[in-house]
Amino acid sequence: METYTLRDGLKLPKVGFGTYKLNGAHGVSVIDSAIDQGYRLLDTAFNYENEGAVGEAVQRSSVPRSELIISSKLPGRHHDYHEAIDTIQESLYRAHLDYYDLCLIHWPNPKEDHYVEAWQALIDAQKFGLIRSIGVSNFLPEHLDRLEKETGVVPVINQVELHPYFNQEEQRKYDQDHGILTQAWSPIGRASEMLQNETLKKIAAKYNKNVGQLILRWEVQLGTLPIPKSSTPSRQKGNIDIFDFTIKDEDMATINSLSSKDGRLKDQDPSYYQEF
């Protein structure tokens, strides 16, 4: 697995594993399978209510904890400073972990306007040894500018919605210019629809890959880190089997041409959307 190196020195694999809706014994089994297939970055969140399942899979795995990157997210309802610190601690208790490698603010929730306070809590939690690296999710340039202005600390990662129908060109450029790695959630969009896109199917066939592999490779070549989810071992394996080919520039351009400014799947625009 190829890696990215964050601005603070933490190395991340170029493809991670999403765990949304992987709960209970079934979730543990799926996550355990992903680790066996070679995934080393596991993405969870307080709001996914499966940090326990992720932690259990980590405990059961023969892969040392030091070789796994576990990432979680702070929910909007706990942005107040003291609540944020308590929530991070509670999150670790749930997962039976001593620390998170990454912790992100899940959404900025600008109407509530407590995200700077939440960011200060992450800064301090990092100093306390609860988190190795700190970042954000769904933050726009205006939110990131404010974090830097008011705290002097810039996130090392920004996880955003990103797929062929919404390639986040402007956000990616901002992130890159500020030393922030862009991570892609929902990297294959609505898979049932996107995997049937005729343009993507034709390009994938040129490289003897499936559409999912093509999309993930496209995202890696954009310099982003996708976090696909699959419950099927064969699909899990296929989703990281993307480092033996390179998409040509003209095909990259064709895939990018599918993007539109209103390409978000559920109109979750961080400038006004809130999630608690």
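Bear in mind the structure is a predicted one, so any value in this text is a computation, not a measurement.
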- Query: Which one of D101, L104, I131 satisfies the side-chain contact (heavy atoms from CB on, under 4.5 Å) criterion with S71?
  - Reply: L104

- Query: So, the side chain of K209 versus the backbone of I203: is there a donor-acceptor pair under 3.5 Å, distance only?
  - Reply: no

- Heavy-atom pair with the smallest gap, counting every atom of Q89 and L130: CG-CD1, 3.9 Å

- Query: Does a side chain donor of either H163 or E161 reach within less than 3.5 Å of an acceptor in the other side chain?
  - Reply: yes

- Query: Is there a side-chain contact between T182 and L225 (heavy atoms, below 4.5 Å)?
  - Reply: no

- Are D8 and R132 close enough for a salt bridge, meaning some N to O gap below 4.0 Å? no

- Message: In terms of relative ring orientation, are Y115 and F139 parallel, tilted or perpendicular, with 30° and 60° separating the classes?
- Response: perpendicular

- If you take all heavy atoms of F245 and I247, which pair is closest and at what distance? CE1-CG1, 3.8 Å

- What one should report as the nearest heavy-atom pair of A184 and L162 is CB-CB, 3.7 Å

- Query: Roughly how far, to the nearest 0.5 Å, is the CG atom of L42 from the CG atom of L102?
  - Reply: 11.5 Å

- Between the CD atom in Q221 and the CE atom in M252, the distance rounded to the nearest 0.5 Å is 5.0 Å

- Give, for atom OG1 of T5 and atom CG of L10, the distance between the pair rounded to the nearest 0.5 Å. 8.5 Å

- side chain to side chain donor-acceptor pair (under 3.5 Å) assessment of Y81 paired with D124: CA-CA 10 Å; Y81 178 86; D124 290 345; 2.6 Å; yes

Please set out all donor-acceptor pairs under 3.5 angstrom arising from side-chain atoms of residues 32-41, sequence neighbours excluded.
| from | atom 1 | to | atom 2 | distance (Å) |
| --- | --- | --- | --- | --- |
| S33 | OG | Q236 | OE1 | 2.7 |
| Y39 | OH | Q236 | O | 2.6 |
| R40 | NH1 | I35 | O | 2.9 |

- Item | Distance-only polar pair, side chains of N109 and Y272, donor-acceptor under 3.5 Å | no

- Message: Tell me whether Q159 contacts the main-chain N or O of N138 through its side chain, where contact means a donor paired with an acceptor under 3.5 Å.
- Response: no

Ignoring hydrogens and angles, write down the donor-acceptor pairs under 3.5 Å from the side chains of residues 44-53, residues two or more places apart or on other chains.
| from | atom 1 | to | atom 2 | distance (Å) |
| --- | --- | --- | --- | --- |
| T44 | OG1 | N50 | OD1 | 2.6 |
| N47 | OD1 | R77 | NH1 | 2.6 |
| N47 | OD1 | R77 | NH2 | 3.4 |
| Y48 | OH | K73 | NZ | 3.3 |
| N50 | ND2 | T19 | O | 2.7 |
| N50 | ND2 | T19 | OG1 | 3.2 |
| N50 | ND2 | L22 | O | 3.0 |
| E51 | OE1 | S91 | OG | 3.4 |
| E51 | OE2 | S72 | OG | 2.7 |
| E51 | OE2 | S91 | OG | 2.3 |
| E51 | OE2 | Y100 | OH | 3.4 |

- Message: For A57, is there any backbone N or O sitting under 3.5 Å from a side-chain donor or acceptor partner on S61?
- Response: no

- Heavy atoms only: give me the nearest G16-P228 pair and the separation to one decimal. O-CD, 3.2 Å

- Where is the tightest heavy-atom contact between E112 and Q274, given as atom of each residue plus distance? N-OE1, 3.2 Å

- Message: Let me check something: do F166 and L258 share a hydrophobic cluster, defined by ILVMFWY side-chain heavy atoms less than 4.5 Å apart, either directly or through other members?
- Response: no

- Rounded to the nearest 0.5 Å, how far does CG of L214 lie from NZ of K201? 13.0 Å

- Hey, could you give me each pair passing salt bridge (Lys or Arg N to Asp or Glu O under 4.0 Å) that has a residue in residues 172-187? Not counting sequence neighbours. K173-D177

- Task: Report yes or no: do Q213 and R217 form a side-chain donor-acceptor pair below 3.5 Å?
- Result: no

- Query: Side chains of W185 and D43: is there a donor and an acceptor less than 3.5 Å apart?
  - Reply: no

- Measuring from S271:OG to K111:NZ, what's the distance to the nearest 0.5 Å? 9.0 Å

- Query: Has K14 got its NZ or CZ under 6.0 Å from the middle of the six-membered ring of Y4, at an angle within 45 degrees of the ring axis?
  - Reply: yes

- Item | Non-hydrogen atoms of L181 and G223 that approach each other most closely | CD1-O, 3.5 Å

- Dump the intermediate steps for side chain to side chain donor-acceptor pair (under 3.5 Å) on E275 and Y273, then the final yes or no. CA-CA 7 Å; E275 187 171 300; Y273 177 81; 2.9 Å; yes

- Item | With Y207, the side chain to side chain donor-acceptor pair (under 3.5 Å) member among D251, D244, T246 | D251

- Co-membership, hydrophobic cluster, residues V156 and V154, 4.5 Å side-chain: yes

- Task: Find the distance between OG1 (T232) and NZ (K237) and round it off to the nearest 0.5 Å.
- Result: 14.0 Å

